[in-house]
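Numbers restart at 1 for each chain; the letters A, B, ... are given by sequence-line order, proteins then strands. Not measured: the values here are computed from a predicted model.
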Amino acid sequence: MTRYDPKAVEPRHRARWEAADTFRADSASGKPKYYVLEMFPYPSGAIHMGHARNYVMGDVVSRYKRAQGFEVLHPMGWDAFGMPAENAAMERGVHPADWTWSNIAAMRDQLKLLGLSIDWSRELATCDPAYYGRQQALFLKLFERGLAYRKESLVNWDPVDNTVLANEQVIDGRGWRSGAMVEKRKLTQWFLRITHYADDLLEGLKTLDRWPDKVRLMQENWIGRSLGARLTWRWAGEAPAGFEDGLEVYTTRPDTLSGASFLGLAPDHPVAELLAKDDPELAAFLTECRKGGASQAEIEQAEKIGRDTGLRVQHPFDADRAVPVWIANFILSDYGTGAIFGCPAHDQRDLDFARKYGLPVPPVVLPPGADPATFEVGTEAYVGPGVIFNSDFLDGLEVEPAKAAAIARLEAQGQGEGATVYRLRDWGVSRQRYWGCPIPIIHCEACGPVGVPHDQLPVELPRDVTFDQPGNPLERHPTWKHTACPQCGGQARRETDTLDTFVDSSWYFARFADPHADAPINGAAADFWLPVDQYIGGVEHAVLHLLYARFITRALADQGLMKVREPFAGLFTQGMVVHETYFEGRDESGKPRWVEPADVRIETVDGKRSATRVSTGAALSIGDIEKMSKSKKNVVAPQEIVDAYGVDAGRLFVLSDSPPERDVQWTPGGIEGASRFVQRAWTEFDSFAPGAPADPERDIVLRRETHKTIKAVTEGVEGFRFNSAIARLYAFLPILRQHAGAGGEARLEALSAFARLIAPFVPHLAEEAWTRLGQPGMVVDAPWPSFDPALAADELITLPVQVNGKRRAEIQVPPGLDPAEVETRVLADAEVRSKLEGLTIRKVVVVKDRIVNLVAG
RNA sequence: GCGGACGUGGCGGAAUGGUAGACGCAGCGGACUUAAAAUCCGCUUCCCCCUGGGAGUGUGGGUUCGAGUCCCACCGUCCGCACCA
C-alpha cells in the first residue's frame, strides 16, 4: 500500500497525454464534433482561482464528451490587447509587447499544469499580427458593406485611460476599467452598425434554448425594442431655416396625443443648436444641460430644467391648437428622434417638468371607475389602463385600440406612421490607444477614408513608441501615420485609433476552427466546428462580449464567410471563487488593513470563530466573503494549491462545494476534504487484487451500487451539476470499502467504472488508477461507462406510508409493483394498522415506487 | 423606479409536487498510538414527558391526498437596467 503522491504522479500522466497528442482535434476523424470553449483569458501574468475554476469546468465537459465518443475541439488563446500592457509600459518602462508575450508564456505554463485537455496546436493571441492582420481584413469587409462607418458624436470619454468607451463599457457613469467618471465629448469615431441587426439579435435569442434565461433577458432589455409611432408636428408660425417640414417626434403613446402640452427637444437636437447660434443665453443653457449629464447617479437626482424656444407647432389632430416647443435636459438626443411630445398627465417625467414650468396637465386616459368631470392628475402621472376621453375621435376607446386608431389617422394625414425603435446604439470601436488592432484606414484629403489594400495588410503596430506622456503613442509617432493614399497616391494620414479589444474577441472562436489558415476564417473548418456547443464564462459579459460576438457572427455570415449566425449554441455562466477576508484594524482613512489568509489561523470556541495573525499573534477581524482580489489580499494562488495538494485536489474542490453557476467559497477545510478524497480513492484502487471468486448472490449488491452511481454521475455531469456528481462519487467510496469482499469481477467492474467516472474531475488520479487496475491504454481514451437500467434500480424499495400526510410507517416492495397490490400490502401491514386504530380510511393514494398516503378520519 | 434571481442545520449546499437536510466543512465521541499528527469507525436540524412523539425550508395566506418545490401578498439579500418618451 503506497500513499498517493500527486507531485510524482501528475506530471507523468500529463507527459503521456502530450506524447500521444491526445487532445488534438481532428475534423477528419468521422466522429460527431463537439466544440467546448471557455472565454479566453487576458494575459495579466498569473492564473488565478477564477481562471482555474472556469477552465476546469470546460475541461470536465471536454473530457466527458470525449469519453462519450465525440471529436472534441477545446482550444486556448489569449485576449492579449488592452490597457494593462500600456500601464505596465508607463509604470515600468517595459514594452507592451514584451510584457504581454512574457505573461502569455508564464500563464501558458500555469494552465498546462492544470492538466487541461487542450489542443495547444491551435493557440492564438490577438496581439499577434497573424491574428490582428486578419481582423483588419474583416474590418475592411465591414467597411465595404457600410457596417463600419465614421460619425461625429457625443462619446463617453474616460479621462483616466484617455480613451473613448462604448455605452456597454460605462457602468454607473464610470469607465468599466478605470472607474473614472466618464465625460461627454464630441469626436469623430468609427462605429460598427450593430443596430442593423437589432431585430435579428433579438429574435435570435428565442432560439438559444441552452443559454441562461438571465442572459437572454439582459440582452433583450439591452436591445430594448419598443413599438410606437413617429410623427411630424407642423409649424404654427415661422419655421426655423432648414426645418420647414416640421418637427419629428417618437412616442409609444400615440393614444395620449391630445394630452400634449409641449414639445421637448434634446439639448443636442439640431434645431436647438441652430437657435443657439444667435442666442448666447440659449447657448449657455445648452452647456448647462450637458454639464450634469455624465453620471447616471447624478442624472437620477438631477433637476429637470428647460427653456421655451418661442417656437410653436400645430397639434396634428387640431390645427388650431398651438403647442410650445421647449428644450429640456432630460430628453436624450440619440434615442428616437431626440424630440418628444410631453403628455404630463400620463408620463411622470413630463409631469414633473410641466409642474415646474406651469404647463397645462390635461388628462386623456380615464382610470376605471373615475368620474370624467372631476378626474385630475396631481403629482403622480396616471399610466394605468383606462378609456380615452377629451380626445375627439379617440374618445371611448381603450388604450391599445386608441394607439392603433391614432396611428391610422396620422398615416391618413401623411404625418406619421407606426415605428419600432431600439435602445441599442451602434458600437463605437475607436480607441485612442497603442496596444490594440490598428484600424486599417488611410485618410486622404481628396478621397476621404480609404481602406488599406489587402496586400498591405497587416498594418503592424510600430515598435518604437513612447509612453512618457498621456494620449495616443501612435498619434505622436514621428513617421508611422504618414503614408500615401492608396487611391490617388497623394499625401495621406493613417488612422491612429485602434479597435476596441472587444472586436478581437468577437470572432476568435471562428479562428480556432483553423488558426493557421491564410484567410481570416477557413469556411469549411468553421462550418464543421461551429457553433461552439458549450461556451463557458462569467456573466459579466452578458451584454458586452456575448452581444458583440453574436453581431459580428451575423455580419460575417452575411458576407458568406461562414454559415452559422449564432456562435454559441450553449452558454454556461459560472460563478466566482470567493474567500473570507481578514484585517487588522483600520488605517487613518478608515480602510481595513487586510491580511492574507496564509497568515491567518481560525479558531472556533463555543461556536464563535475568531482569527489570529500567525506571524504576530495579533487578533484579527473577520470581514466579508468576497471575490478573490489582490487589493483585499484574500487570494489563494493555484500554484500554492498544486504544490501543497496536487492539481487533482484543487480541480475537485473548485467544483465540489457549490453549484457551478454560483460562487464557491474557498476554505482550507474544503481543499483538505478534496485532498482526502483523492487519497482514499487511491487506497481503493491500490488495494485491488483479483480477489474472491464470483458469487452472483453476494456481488449483486455492489453491482447495483455501481450502476446507480454511473447513472447519477452521468446525469450530474450532463446537467452541469458537478457538485452533485462529485457528491455521488464521494458517496461511492464507503460503498467500495464495505464491499471489499465482493468477487474480483464485480470489484473490477466497480473500480474501472469509478476510474472513468472520476476522470473528468481528477484526470491524473484516474490515469494512475487505470494503470493500477491493469486496463489497456489510457483512461482518457476509454469510453464513458454505461449503466444497465435494471441494475441501477433497487431490488427492494422502501415506500414511506403517510397517514394524512404525515409519515407513520414504511413498507418494502419490489420496484414497479402494481399500486393495487401496494395498497393491499399496506393495509395488511401490522404497523400501519396500529397507526390507523380508531380511524376510517377515506382515500388511499399510491404513487408508484414513491409513496403511499392514507387519508383517514 | 423598472426587470430578474434567490431565502433550507453552526457553514457550503442536496432534494422529477412524494421519507427535508445527500455530500463536504466545522463540532462531538470512539479505535489505533507511549503521545501527538495522520488514518479509520460512529454521532451531529431543533424541542420534549426519549423503546416514542412534536415542530421545522424568510413571514402570512392559498391550491393539493401531499408543498422547500406551484399560486398570491409581504419582508430580506443579490444582480441587471435606469430621464429610452
Side-chain angles (χ1 to χ4, degrees), chain A residues 3 171-172 212-215 217-222 224-226 228 249-253 256 264 293 296-297 299-300 302 304 328-332 334-343 346-350 352-353 421-425 539-540 542-543 578 580 602 604 606-609 625 652-653 656-659 661-674 676-677 679-680 683 712 715 721 723-734 737 798-810 842-856:
Chain A
R3 192 178 156 78
I171 295 149
D172 290 336
D213 290 341
K214 179 189 167 77
V215 174
L217 188 70
M218 280 168 72
Q219 292 210 355
E220 193 180 316
N221 292 339
W222 191 265
R225 177 163 63 188
S226 83
V249 307
Y250 174 75
T251 180
T252 55
R253 294 297 300 273
T256 65
Q296 303 293 0
I299 286 171
E300 194 184 344
K304 287 184 172 46
N329 65 337
F330 69 94
I331 297 159
L332 304 173
D334 55 355
Y335 182 78
T337 62
I340 62 156
F341 77 82
C343 177
H346 306 292
D347 182 286
Q348 192 60 45
R349 293 155 305 184
D350 297 347
D352 295 343
F353 189 77
V421 162
Y422 299 89
R423 207 191 78 113
L424 186 70
R425 315 293 207 268
V539 73
E540 67 272 17
V543 287
V578 297
E580 201 165 50
I602 300 287
T604 310
D606 295 335
K608 277 191 188 141
R609 299 173 73 242
I625 297 162
L652 195 59
F653 178 53
S656 67
D657 249 26
S658 288
E661 67 276 15
R662 237 185 277 178
D663 292 349
V664 64
Q665 188 187 345
W666 186 274
T667 59
I671 181 68
E672 290 282 352
R676 253 193 303 274
F677 172 80
Q679 289 297 337
R680 301 204 303 177
T683 305
E715 287 169 356
R721 293 184 301 272
N723 56 325
S724 295
I726 290 168
R728 287 307 298 248
L729 292 171
Y730 276 35
F732 194 53
L733 268 185
R737 187 155 296 194
T798 306
L799 291 188
V801 179
Q802 298 181 332
V803 177
N804 294 330
K806 296 210 185 294
R807 184 175 160 278
R808 284 292 181 262
E810 49 189 40
R842 299 225 177 90
K843 184 174 178 182
V844 180
V845 180
V846 179
V847 182
K848 200 175 186 179
D849 294 349
R850 278 294 179 186
I851 201 166
V852 179
N853 192 11
L854 305 173
V855 186

**Fill in**
Where RNA chain B forms runs of at least three Watson-Crick or G-U pairs (i with j, i+1 with j-1, under 3.5 Å), the stems are B:1-7 with B:75-81, B:10-12 with B:23-25, B:27-31 with B:39-43, B:45-48 with B:52-55, B:58-62 with B:70-74

**Fill in**
Per the glycosidic torsion and the 90° limit around 0, nucleotide B:G9 is syn

**Message:** Under a 3.5 Å distance rule, please check whether A:D657 uses its side chain to pair with a backbone N or O of A:N723 as donor and acceptor.
**Reply:** no

**Complete:** B:C50 glycosidic conformation (syn if within 90° of 0, otherwise anti) is syn

**Message:** The criterion is side-chain contact (heavy atoms from CB on, under 4.5 Å); which residues satisfy it with A:V845, sequence neighbours excluded?
**Reply:** A:K843, A:V847, A:N853

Mind listing the N/O atom pairs, protein and nucleotides 55-57 of chain B, below 3.5 Å?
none

**Item:** Sub-4.5 Å side-chain heavy-atom contact between A:R737 and A:T683
**Value:** yes

**Item:** Among B:A82, B:C83, B:U19, the nucleotide that comes nearest once only the side chain of A:R423 is considered
**Value:** B:A82

**Nucleotide B:U19, atom C1' - distance to CG of A:D849 in whole Å** = 15 Å

**Prompt:** Any side-chain heavy atom of A:V578 sitting closer than 4.5 Å to one from A:Q665?
**Reply:** yes

**Complete:** In whole angstroms, the gap separating P of B:G10 from CD1 of A:I625 amounts to 16 Å

**Candidate pair A:F677 and A:I726, rule side-chain contact (heavy atoms from CB on, under 4.5 Å), full reasoning** = CA-CA 10 Å; A:F677 172 80; A:I726 290 168; over 6 Å; no

**Short side-chain N/O contact from A:Y335 to OP1 or OP2 of B:A85, under 4.0 Å** = yes

**Complete:** Among the nucleotides B:A85, B:C83, B:G4, whichever has the atom closest to the side chain of A:N329 is B:C83

**Message:** Regarding A:G673, tell me which of base, sugar-phosphate or nothing describes its non-hydrogen contacts under 4.0 Å with the strands shown.
**Reply:** sugar-phosphate

**Prompt:** So what does A:T252 touch, heavy atoms closer than 4.0 Å: a base, only the sugar-phosphate, or nothing?
**Reply:** sugar-phosphate

I'd like a list of close polar pairs between nucleotides 39-46 of chain B and the protein, N/O only, cut-off under 3.5 Å.
none

**Message:** With a 4.5 Å cut-off on side-chain heavy atoms, are A:D347 and A:F353 touching?
**Reply:** no

**Prompt:** In terms of side-chain geometry, is the basic nitrogen of A:D334 or A:R425 positioned less than 4.0 Å from the acidic oxygen of its partner?
**Reply:** yes

**Item:** Span that lies between the C1' atom of B:U45 and that of B:A22, in whole angstrom
**Value:** 15 Å

**Prompt:** Does A:S226 have a side-chain nitrogen or oxygen under 4.0 Å from the phosphate oxygens OP1 or OP2 of B:A85?
**Reply:** yes

**Asked** Is the phosphate of B:G53, meaning OP1 or OP2, less than 4.0 Å from a side-chain N or O of A:R807?
**Response** no

**Fill in**
Looking only at B:C23, B:G4, B:A85, the nucleotide nearest the A:A727 side chain is B:C23

**Prompt:** For B:A5, does either OP1 or OP2 sit under 4.0 Å from a side-chain N or O belonging to A:K214?
**Reply:** no

I'd like a table of atom pairs between the protein and nucleotides 13-16 of chain B - only N or O on both sides, under 3.5 Å - with the distance next to each one.
from	atom 1	to	atom 2	distance (Å)
B:A14	OP1	A:N723	ND2	3.1
B:U16	O4	A:R850	NE	2.9
B:U16	O4	A:R850	NH2	3.4

**Asked** Which nucleotide sits closest to the side chain of A:T251: B:A85, B:U19, B:G3?
**Response** B:A85

**Sequence-distant partners of A:I340, side-chain contact (heavy atoms from CB on, under 4.5 Å), two or more places apart** = A:F330, A:I331, A:D350

**Asked** For the side chain of A:Y730, counting heavy atoms from C-beta on, which of B:A82, B:G24, B:C83 is nearest?
**Response** B:G24

**Prompt:** Using a cut-off of 4.0 Å on non-hydrogen atoms, how would the nucleic acid contact of A:L217 be classed: base, sugar-phosphate, or nothing?
**Reply:** sugar-phosphate

**Asked** When all nucleic acid strands are considered with a 4.0 Å heavy-atom cut-off, which category describes A:L854: base, sugar-phosphate, or nothing?
**Response** nothing

**Message:** Of the listed nucleotides (B:C83, B:A85, B:C23), which one gets closest to any side-chain atom of A:Y250?
**Reply:** B:A85

**Message:** Check the orientation of A:Y250 and A:Y335. Use parallel for under 30°, tilted for 30 to 60°, and perpendicular for over 60°.
**Reply:** perpendicular

**Complete:** A:R808 CZ to B:G52 P, in whole Å, measures 13 Å

